[in-house]
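Written out below as structure tokens is the structure these notes cover.
Index from 1, following the sequence.
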Amino acid sequence: MNWPQTKLIEVADVKGGKRLPKGHQLSTEITPHPYIRARDIGGGKITFEEPTFLNETTQRILRRYTVKTGDIVITIVGANIGDVGYISESFDGANLTENAAKIVPQKDKVDPYFLKSYLASDHTKRRLAFIASGAAQGKLGLYKIRDFTIPCPPIETQSEIASILRGYDDLIENNRRRIALLEEAARQLYKEWFVRFRFPGHEHVKVIDGAPEGWEAKTIEQVCDTIGGGTPSTKKAEYWDDGDVLWFIPTDVTRNSCLALLKSEKFISEAGLNNSSAKMIPPGSIMMTSRASVGFFGINQFAASTNQGFISIVPHDPAHRMYLLQNLMWRVEEIRSHAGGATYKEISKGRFRALPILTPPSTLAGQFEEQCSLIHTQVETLHRTNQQLAEARDLLLPKLMNGSLTV
């Protein structure tokens, strides 16, 4: 069965966001007025990892450009054009960037979650990107969104489809919360042992000049190898076609809510690897974004390569891997303070290698490695489960949307 098609304008209102007034700035200080940027939108949700807010004065000026629970937002310019987010209760009343539009469903005609699920699908995003590509600067104009066609089964059927898809999404979200709790447990363990110095046996260790006896002051370069990345020429198809070398880009990390990077959707060929500055990194390497969005971390499960937006870290002593990871995450603002550049921020390998680091004895680091590795294994398992759930949902979605699978 093929559901009838309808234009979005017939079932929803489409409105633009608003640019900040001249002289007004976003703030990282928490206020009652969160501001949703294009980077916060994707995967059918709002990912508020680096939240920004408006003060009361700016909010009064922009008060008409807010979103409500059940609205759908979509990016209309930029690299991630066509990304979609669903406004949950926690973002009710938030302000919206001018680089996105909001879609307000007429709930007697279209189920908001049904509409979100359709718009967030890979197939729909490709359609939207194609439509946007016709503009001079790649823009998804409001009129194009209004004229965009969607399947429109009876509202009762939409609600049943939405319920099925929400079930998958709720399981994925619950697992994300469990992942966040596990990663917080690892951070708290690091804080207890290596910031407060309440590690096992600390009662019998002297603290000399602010450091426990037996610990060593070194530089990053002295405790690990640092490996850069690269991008093969896109003009040579043989560097990309049929490639089987995993290749990560920064958005694989910044868009990922956990450290476990089990796979990438991108590959280069052996020829591409050998004819670029890309390098192979072994499984279990610490991947740190080093330009633009500096200081996001991931751990690759399989041998892989990266583009030039990373510094990958391989500890000389495997027992120090989790210690080194947590140390760098704890010091992320310090790392970012060393990033320079006018167009975008970047920390060079030379500057990163020169950073100081206080290293505990291998026996203590090994104990921490053992405990954190158990936590990380649970994170990997949950992350793998989420990937399987997402794949099952994405296989099911088009069959539900085109009516080939009845509900």
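In this structure the side chain of Pro151 reaches within 4.5 angstrom of the side chain of Gln5, judged on heavy atoms. Counting heavy atoms from C-beta outward, Val253 and Phe310 have side chains that approach closer than 4.5 Å. With contacts defined as side-chain heavy-atom distances shorter than 4.5 Å, the pair Thr57/His24 qualifies. The side-chain heavy atoms of Trp330 and Lys191, taken from C-beta on, include a pair separated by under 4.5 Å. Using a 4.5 Å cut-off on side-chain heavy atoms (C-beta onward), Thr306 and Ile227 make no contact.
The ring-ring contact (aromatic ring centres under 6.0 Å, His included) check on Trp215 picks up Phe194, Phe197, Phe199, with sequence neighbours excluded. Partners of Ser362 under the side chain to side chain donor-acceptor pair (under 3.5 Å) rule, at least two apart in sequence or in another chain, are Asp317.
Proximity of a side-chain donor or acceptor of Asn386 to a complementary backbone N or O of Ile172 within less than 3.5 Å is detected. Although no hydrogens or angles enter the test, the distance criterion places no donor-acceptor pair under 3.5 Å between the side chain of Thr52 and the main chain of Thr28. Asn327 contributes no side-chain N or O that, together with a main-chain N or O of Tyr323, makes up a donor-acceptor pair within less than 3.5 Å. In this structure, the side chain of Thr75 engages the main chain of Asp83 through a donor-acceptor pair within 3.5 Å.
When the shell of 6.0 Å around CZ of Arg64 is examined, it contains 12 or fewer heavy atoms from other residues, nucleotides or ligands. For Lys18, the NZ atom is loosely surrounded, since the number of other residues' heavy atoms within 6.0 Å does not exceed 12. Residue-environment remark: CG (Leu181) exceeds the threshold of 12 foreign heavy atoms within 6.0 Å. For CZ of Arg178, the number of neighbouring non-hydrogen atoms (other residues, nucleotides, ligands) closer than 6.0 Å is 12 at most. Other residues, nucleotides and ligands contribute only 12 or fewer heavy atoms inside 6.0 Å of the CD atom of Glu370.
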Before giving the answer on side chain to side chain donor-acceptor pair (under 3.5 Å), spell out for Thr231 and Gln308 the whole-Å C-alpha distance, their side-chain angles and the decisive distance to 0.1 Å.
-> CA-CA 7 Å; Thr231 302; Gln308 58 273 26; 2.7 Å; yes

From CA spacing to verdict: side chain to side chain donor-acceptor pair (under 3.5 Å), Glu184, Gln188 | CA-CA 6 Å; Glu184 180 61 23; Gln188 290 301 321; 2.7 Å; yes

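Using a 30° and 60° split on the angle between ring planes, Phe53 and Phe48 fall in the perpendicular class, above 60°.
A salt bridge links Lys266 with Asp252: at least one charged nitrogen is closer than 4.0 Å to a carboxylate oxygen.
Using modelled atom types and a 3.5 Å distance limit, the side chains of Ser121 and Arg127 yield no donor-acceptor pair. Side-chain atoms of Gln222 and His316 form no donor-acceptor pair, as typed in the model, at a separation below 3.5 Å.
Contact record, Ser285 with Val314: OG-CG2, 3.6 Å, taken as the closest heavy-atom pair. The minimum heavy-atom distance linking Cys224 with Leu324 is given by the pair CB-CD2, 3.9 Å. Here the shortest heavy-atom pairing between Trp240 and Pro232 reads CZ2-O, 3.3 Å.
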For residues 96-111, which side-chain N or O atoms pair as donor and acceptor with protein atoms under 3.5 Å away, sequence neighbours left out?
unit_1, atom_1, unit_2, atom_2, d
Thr97, OG1, Asn99, N, 3.1
Lys102, NZ, Thr66, O, 2.7
Gln106, OE1, Lys109, NZ, 3.1
Lys109, NZ, Glu10, O, 3.4
Asp111, OD1, Tyr113, N, 2.9
Asp111, OD1, Phe114, N, 3.0
Asp111, OD2, Ser159, OG, 3.3

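In summary, of the residues considered (Ile131, Leu119, Ile74, Ile9), a side-chain contact (heavy atoms from CB on, under 4.5 Å) with Ile145 occurs for Ile74 alone. With respect to Arg393, the salt bridge (charged side-chain N to carboxylate O under 4.0 Å, His left out) criterion is satisfied by exactly one of Asp122, Asp170, Asp169: Asp169.
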